[in-house]
Amino acid sequence: MAEYLIKNGFVFDPVLGIKGDVADIAIKDGKIVETDAVKNPKIIDAGGKTVMAGGVDIHAHVAGPKVNIGRNFRPEDKIFNYKPGRGIERMQGGFSVPTTIRTGYNYARMGYTTVMEAAMPPLYARHTHEEMRDTPILDQGAYPVFGNNWFVLEYLKNNEVENAAAYIAWLLRATKGYAVKVVNPGGTEAWAWGLNCENIHDPVPYFDITPAQIIKGLIEANEYLGLPHSMHMHANNLGNPGNYTTTLDSFKLSEGIKPNSKFGRDQVMHHTHVQFHSYGGDSWANVESKADKIMDYVNSHDNITIDMGQVTLDETTTMTADGPFEHHLTALNHLKWANSDVELETGSGVVPYIYSPNIKVCAIQWCIGLELALLAKDPMRVFMTTDHPNAGPFIRYPRIMKWLMSEEARQQQIDAFKHKDKVVDATFIAGIDRELDLYEIAQMTRAGPAKALGLSHMYGGLAPGLEADVAVFDFNPNEPYAPDDIEKAFSNARHLFKTGVQIINDHEIVSNGNKRTLWVNAKVNENPQVMRDVKEKFLRYYTVTLNNYEVAGHYLPNPYVIEVDATQ
């Protein structure tokens with residue numbers, strides 16, 4: 001494998017504590033190494049340019065059945081934007097739900113090298129892995145959804161945390177999953193009865209359990225196993241005025257619980273797309289930002305991490321395992337709607353949406369996402385996402401960087417809102433003059449997500465021994481720049497390396513890489529009760545046999561297995 005020496009770049013790396021100093025980065029055998037460890041490297045001139053580790057996206061919807069539904073029922077999302085194959089690049093298309101090929105290429109162009117699929121229905125794990133396998137360049141993993149799973153609901157109702165943990169370990173192994181995902185706990189199961197769980201104390205029909213019991217029980221099971229990532233949650237009552245109290249009530253369920261993991265994370269709960277969970281008021285007429293209350297809590301509790309879910313003011317395609325929310329959304333916008341129930345496990349819905357700057361609520365949502373990041377005291381615990389594609393396509397990350405780094409850019413957008421005065425009255429954004437620097441951006445997009453995922457031994461930094469995922473951007477932080485220069489530079493990396501392989505050279509994609517699929521193999525003591533339960537439910541309720549359920553090895557041609565031993 002070729003050796004590289006990236007010379008004289010402005011390096012931003014929270015792992016090494018480098019804040020724009022001029023430094024050299026050496027690559028050998030797929031790893032970052034000391035500069036004197038390379039003997040005859042190819043020289044990459046990064047003079048006057050920004051150098052960072054490869055980006056890590058902790059939460060996006062890029063593979064699996066609901067993503068494919070979005071592709072199928074939105075031909076308008078693809079029209080006029082297909083690009084034929086050229087050189088090493090394969091044919092690609094789509095905007096808010098791009099093809100797998102465009103997904104890999106567009107993330108690479110932004111300097112990202114690792115992306116996690118945030119909701120995998122276990123029954124459709126094979127489909128999810130097939131699409132991840134087809135996505136070039138990126139290392140990926142997928143989170144199976146547990147918050148409405150019948151096994152979990154029954155074990156936790158009976159306070160059987162050890163059985164819940166054994167079931168989680170079995171399902172992670174069967175689906176080749178990475179982490180415990182929870183979506184509208186209890187609410188998606190209630191949707192099968194035409195109901196919902198709008199707060200953490202609403203009972204789940206038939207199961208005699210509440211979302212609060214599900215959330216706390218899954219945190220405890222997660223820590224019992226000592227998994228790399230914490231419980232990853234999308235709470236109840238998403239997207240409704242006044243829902244910030246539900247969010248705070250959900251946060252509080254983590255209090256008093258300490259992380260039990262050998263993988264370096266500090267949190268026991270990651271709450272995703274918090275922008276959708278930070279609304280005050282009691283109707284759309286008086287909805288207002290409560291980002292200040294949310295961030296007061298996050299800033300004072302170091303066992304929680306969050307991501308933004310930033311609205312990008314685009315036409316997009318919403319998709320979530322929160323089935324009742326998608327039904328609510330289609331009733332609001334009267335656009336196309338698809339919903340499904342996934343047997344004993346979960347459900348999902350898909351609805352197109354337009355975040356218009358001429359609509360007051362959309363503008364308030366835009367403000368709230370940015371407020372969450374700008375009010376963060378520790379950027380290592382607040383991460384940049386759009387909940388792709390729900391609040392907007394991931395290709396807008398460089399535009400979000402522009403808004404976070406430039407008060408001028410934010411003010412330009414605020415001035416363009418049709419209902420500017422009402423939006424300013426309902427939010428805090430106009431009073432925030434903070435401008436994030438590139439070191440803080442690297443914390444939010446690289447070092448922080450990698451640590452929260454329990455992957456800081458591989459990704460997120462440029463220390464010797466880490467994976468050689470390195471991005472070089474045409475951006476000189478020591479020279480004057482306009483806000484749009486930020487978006488332009490970080491949309492189109494000049495160079496990108498993935499595990500030591502040069503993926504982009506002078507803005508051209510030159511390799512499809514050697515992507516890997518990450519999954520967690522959690523070993524637990526033999527549990528005959530759980531295996532009897534699994535066999536009994538497959539015989540009685542599932543449409544597939546147990547033998548046809550597990551994801552076989554050929555679905556993961558280049559797996560990276562993270563071993564966890566919970567037998568002690």
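As the structure is a computational prediction, the values presented were derived from the model and not from experiment.
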Would T100 and E131 count as a side chain to side chain donor-acceptor pair (under 3.5 Å) if you check the C-alpha gap in whole Å, the side-chain angles of each, and the deciding distance to 0.1 Å?
CA-CA 7 Å; T100 55; E131 293 200 355; over 6 Å; no
Test item: side-chain donor near acceptor, T567 and D565, under 3.5 Å:
yes
Angle between ring planes, Y206 versus W193, binned at 30° and 60°: parallel, tilted or perpendicular?
parallel
Students often mix this up, so state it plainly: with edges at 30° and 60°, are the rings of F394 and Y397 parallel, tilted or perpendicular?
perpendicular
Are side-chain heavy atoms of E130 and Y124 found at a separation under 4.5 Å?
no
Students often mix this up, so state it plainly: with edges at 30° and 60°, are the rings of F251 and H271 parallel, tilted or perpendicular?
perpendicular
Kindly indicate whether the side chain of Q140, heavy atoms from C-beta on, has any atom under 4.5 Å from the side chain of T517.
no
Quick check on E162: does its CD atom have over 12 non-hydrogen neighbours (other residues, nucleotides or ligands) under 6.0 Å away?
no
Does K78 have more than 12 heavy atoms from other residues, nucleotides or ligands lying within 6.0 Å of its NZ?
yes
Is E198 close to N236 at the side-chain level, that is, under 4.5 Å between some pair of heavy atoms?
no
Looking at R381, is its backbone amide N or carbonyl O close enough to the side chain of K451 to form a donor-acceptor pair, meaning the two atoms are under 3.5 Å apart?
no
So CD1 of I58 and OG1 of T114: to nearest 0.5 Å the spacing works out to 11.5 Å
When you measure from the side chain of T427 to the backbone of I364, do you find a donor-acceptor pair of N or O atoms at a distance under 3.5 Å?
no
Is it the case that the side chains of D533 and Q529 hold a donor-acceptor pair, with the cut-off being a distance below 3.5 Å and no angle test?
yes
N240-N243 side chain donor-acceptor pair, cut-off 3.5 Å
no
Given the ring of F151, does K537 sit roughly above its face, with NZ or CZ under 6.0 Å from the centre of the six-membered ring and within 45° of the axis?
yes
Taking atom types as modelled and ignoring hydrogens, do the side chains of H234 and D322 form a donor-acceptor contact shorter than 3.5 angstrom?
yes
Would you check if T346 and V183 make a side-chain contact, meaning some heavy-atom pair closer than 4.5 Å?
no
How about Q365 and Y279: does a side-chain donor come under 3.5 Å of a side-chain acceptor?
yes
Is the closest side-chain heavy-atom distance between F383 and V56 below 4.5 Å?
no
For the pair V350 and R74, evaluate side chain to side chain contact (heavy atoms under 4.5 Å, CB included) and give the outcome as yes or no after the intermediate values.
CA-CA 10 Å; V350 184; R74 291 216 63 198; over 6 Å; no
Do S289 and E371 have a side chain donor and acceptor closer than 3.5 Å?
yes
Looking at V182, L253, V268, I257, which one forms a side-chain contact (heavy atoms from CB on, under 4.5 Å) with M231?
V182
Atom CG of residue position D208 - does it have more than 12 heavy atoms of other residues, nucleotides or ligands inside 6.0 Å?
no
Where does the angle between the aromatic ring planes of W150 and Y541 fall among parallel (under 30°), tilted (30 to 60°) and perpendicular (over 60°)?
perpendicular
Min side-chain heavy-atom separation L455-L518 under 4.5 Å:
yes
Validation row: L404, L374 side chains within 4.5 angstrom (heavy atoms):
yes
Ring-face cation contact, Y112 with R446, 6.0 Å cut, 45° max:
yes
Is the closest side-chain donor-acceptor distance between N184 and N196 under 3.5 Å?
yes
Stepwise, does the salt bridge (charged side-chain N to carboxylate O under 4.0 Å, His left out) test hold for K66 with E117?
CA-CA 12 Å; K66 67 181 182 299; E117 163 53 49; 3.7 Å; yes
Pair H61-H59, ring-ring contact (aromatic ring centres under 6.0 Å, His included): steps then yes or no:
CA-CA 7 Å; H61 300 285; H59 186 103; 5.1 Å; yes
For K336, I'd like to know if atom NZ has over 12 heavy atoms of other residues, nucleotides or ligands within 6.0 Å.
yes
For the side chain of N260 and the backbone of E223, is there at least one donor-acceptor N/O pair under 3.5 Å apart?
yes
Do you know which two heavy atoms are closest between M132 and K515, and how far apart they sit?
O-NZ, 3.0 Å
Are T305 and H270 linked by a side-chain donor-acceptor pair shorter than 3.5 Å?
yes
Between the CG atom in D266 and the CD1 atom in I304, the distance rounded to the nearest 0.5 Å is 12.5 Å
Cut-off 3.5 Å, side chains only: do N222 and H229 have a donor facing an acceptor?
no
Does the side chain of V62 come within less than 4.5 Å of D57's, by heavy atoms?
no
Could you walk me through whether I168 and V524 pass side chain to side chain contact (heavy atoms under 4.5 Å, CB included), step by step?
CA-CA 10 Å; I168 289 169; V524 296; over 6 Å; no
So F146 and L218, side chain to side chain contact (heavy atoms under 4.5 Å, CB included) or not? Walk me through it.
CA-CA 8 Å; F146 286 94; L218 282 173; 4.3 Å; yes
Set out, in order, the CA-CA distance, both residues' side-chain angles and the distance that settles side chain to side chain contact (heavy atoms under 4.5 Å, CB included) for M116 and L453, then state yes or no.
CA-CA 10 Å; M116 306 304 278; L453 286 165; 3.9 Å; yes
K290 NZ/CZ over Y244 ring centroid, <6.0 Å and within 45° of normal
yes
Can you say whether the rings of Y167 and W170 are parallel (under 30°), tilted (30 to 60°) or perpendicular (over 60°)?
tilted
Around atom CD of E536, are there more than 12 heavy atoms of other residues, nucleotides or ligands at under 6.0 Å?
yes
